[in-house]
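All chains are named by letter (A, B, ...) in the order of the sequence lines, taking the proteins before the strands, and each is independently numbered beginning at 1. Note that the coordinates shown come from a computational prediction; the quantities given were computed from them, not determined experimentally.
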Amino acid sequence: MTQQKLGLLFMAPVAAFLLIGFVSPILIVGWYSLMEPRSFDLNTVFTIANYRSAFSDGYGPPFFWSLSFAAVTTLTCLVLAWPTAKLLHRFAGRGAAVITALIAVPIFISESVRLFGMSLFLMPGGGILAGSMRALFDLSIGSVLNTKLAVYLGLVYVHFPFVLFPALLGVALIPQDRIDAARDLGASRWQVLREVELPLALPGLVIGALLTFVLCIGANAEAAILGGQTVTVLTRAVEQRFSYAQDWPMGAALTMLVIAMTAVFVFPALSRLDLNRLIRR
Amino acid sequence: MTRAWKYVGAIWLALVVVLLYLPILSVGLASLANTRYMRFPHRNWSIGAYTDALSQHETLVLHLTSLKVALLVTVLSVILATLGAMAFARYDWRGRSAFQKVVVLPIFFPQPVLGLALLLFFSALGFTPTWKTAVFAHMVWVLPIVTLVISIRLFGYDPAQEDAARDLGASRWQVLREVTLPYLSPGLISGGLFAFLLSWSNLPLSIFTTGADTTLPEWLFSRVATNYAPVVSAIAVIATLASVLLGCVVILILRLIDTHGIKGDGDHG
């Protein structure tokens, strides 16, 4: 068999699965979003009423907060991941491998556990931090738990590894002799960073940033566990449409808007990346 | 790098690791007292929360539900992903780069939104959500990741080995069993580990797609958000240790394969 036939043959099961499990649910949501408000059936009487109320019914704040959290978290993670990736690359060896593994482990520990731990750590009074401060230094400190700051810290905490690992791939794309050459030609540290390192590492940084941004748009566990009632994030608002309000078409319309927003970021970035080059080393 | 910068770098890395583990450590510390309210440092350290957790039937049920889901996700994902990885990394065909980009789309998709969409999809089809629908939901997200993991291994594969085996008279089946699969096995094992651990720890998809069944992360989430009890910390620790233990065993197996080498392993040939 030719490579062409074999390729098509082997891609078929995965493609079929994703068509059923990924594409059709989105189509169903799209269909629901065009139904009469508060109906539960799918039919062919379409209306855009839900989209109209999505824009007029005060969903601005959840959209605003989720997008802001996503943007600030992505930026913070990039700023933290860059020096970490550079250091791990520079110290390459047994020690760095151990640290890299240690950073990877939390990815596989449930968000529930990690965010629960964070709330125990930050808890006022008898929390791990406040309690230790009191016992060790006789110091009573306040707590950021149940504030937007806590939600932000939780988002950065959960998503840092998602930026770090693509950033590591990116840093590995920078040939050391390019940096040396730029230095020899009199470039400053800042110029090397801006004109040599960042552009070369860009594919990795874009993947990390994109992943974090998209995941943060949908993130709701952080706000639920660390934010108390201070902020309603996007997926929480959408979920409430489905559960409390029992208005599926409205929930579906909001879901479609979130998906559209995600697509606006994902498609342009992915279409420019060459996955072959990045993964194969 | 100067000596001073080396120290600064080492301190930075240490700080990153410490901060990443502080919350996890906090759960462990909280679990070591059996009082109604959390007051750290504990006056009476005890493992009472663990004996309570182990004596509850619910603990077992939660672990079994998560285990069922994760095992099925692992087996099914590895099988499908192995096929997908062949198309992703092994064969050169028209449409490959489009396929590569489509496959990774579910990874770049907000998980709670995927969960909601799947819930609507199941109800439109008339399926009542149970742990089985959760298996399907997890796979939508896990399969692309496992495909990538196996593809990374497959990119280093030299197809000429297969031709050589064929020239020496091996059948198609023998080539697969004695050349291709042995080379791929580290990729399959790490892919399987990824699948298991990601399913075991998944919260956002399970919340929407398990129906009346409850997985561990889901149960923890509902208990964390409502009422604190030390037994919650204890179960969180048990669930986490179980997955860490599994991870260690699998990594050990991978090391063994790596050092002893296996037939057809191109890295050491």
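- Side chains of H138(B) and S77(B): no donor on one and acceptor on the other come within 3.5 Å.
- Of the two parts of V266(A), only the side chain, counted from C-beta on, holds a non-hydrogen atom closer than 4.5 Å to a non-hydrogen atom of chain B.
- For a residue to count as touching a neighbouring chain, one of its non-hydrogen atoms must lie under 4.5 Å from one of that chain's; by this rule F265(A) does not touch chain B.
- Partners of F109(B) by ring-ring contact (aromatic ring centres under 6.0 Å, His included), not counting sequence neighbours, listed by chain and number: F22(A).
- Ring planes of F136(B) and F121(B): parallel class, angle under 30° (limits at 30 and 60°).
- Here the closest heavy-atom approach between residue A87(B) and residue G7(A) is recorded as CB-O, 3.5 Å.
- For a residue to count as touching a neighbouring chain, one of its non-hydrogen atoms must lie under 4.5 Å from one of that chain's; by this rule V104(B) touches chain A with the side chain only.
- Listed by chain and number, the residues in a ring-ring contact (aromatic ring centres under 6.0 Å, His included) with Y157(A) amount to none (sequence neighbours excluded).
- Contacts of L80(B) with chain A are made by both backbone and side-chain atoms, with heavy-atom separations under 4.5 Å.
- With respect to chain A, the highest number of heavy-atom pairs below 4.5 Å among R94(B), H42(B), R90(B) belongs to R94(B).
- Of the listed residues (L120(B), V27(B), I207(B)), the one with the most heavy-atom contacts under 4.5 Å to chain A is L120(B).
- Interface check for chain A: of the options Q111(B), E218(B), M38(B), the most heavy-atom pairs under 4.5 Å are formed by M38(B).
- Across W219(B), F196(B), F194(B), the residue that shares the most heavy-atom pairs under 4.5 angstrom with chain A is F194(B).
- We find that E222(A) and R114(A) are not joined by a salt bridge, their nearest charged nitrogen and carboxylate oxygen being 4.0 Å or further apart.
- The parts of V140(B) that come within reach of chain A are both its backbone and its side chain, each placing non-hydrogen atoms under 4.5 angstrom from that chain.
- Side-chain contact between T133(B) and L118(B): absent, with no pair of heavy atoms (C-beta onward) separated by less than 4.5 Å.
- For residues 246-259 of chain A, the interface with chain B (any heavy-atom pair closer than 4.5 Å) comprises W248(A), A252(A), T255(A), V258(A), I259(A), sorted by residue number.
- Of the atoms belonging to S271(A), it is backbone heavy atoms, and not side-chain ones, that fall under 4.5 Å from chain B.
- If you tally non-hydrogen atom pairs under 4.5 Å between each of S151(B), S123(B), A81(B) and chain A, the highest count goes to S123(B).
- In this structure, chain A has a heavy atom under 4.5 Å from the side chain of F99(B), while its backbone stays farther away.
- Between chain A and the residues S243(B), A98(B), S233(B), the largest count of heavy-atom pairs under 4.5 Å involves S233(B).
- Interface residue L105(B): backbone and side-chain heavy atoms are both found under 4.5 Å from chain A.
- Contacts of I207(A) with chain B are made by both backbone and side-chain atoms, with heavy-atom separations under 4.5 Å.
- Scored by the ring-ring contact (aromatic ring centres under 6.0 Å, His included) test, H89(A) finds no partners at all (sequence neighbours excluded).
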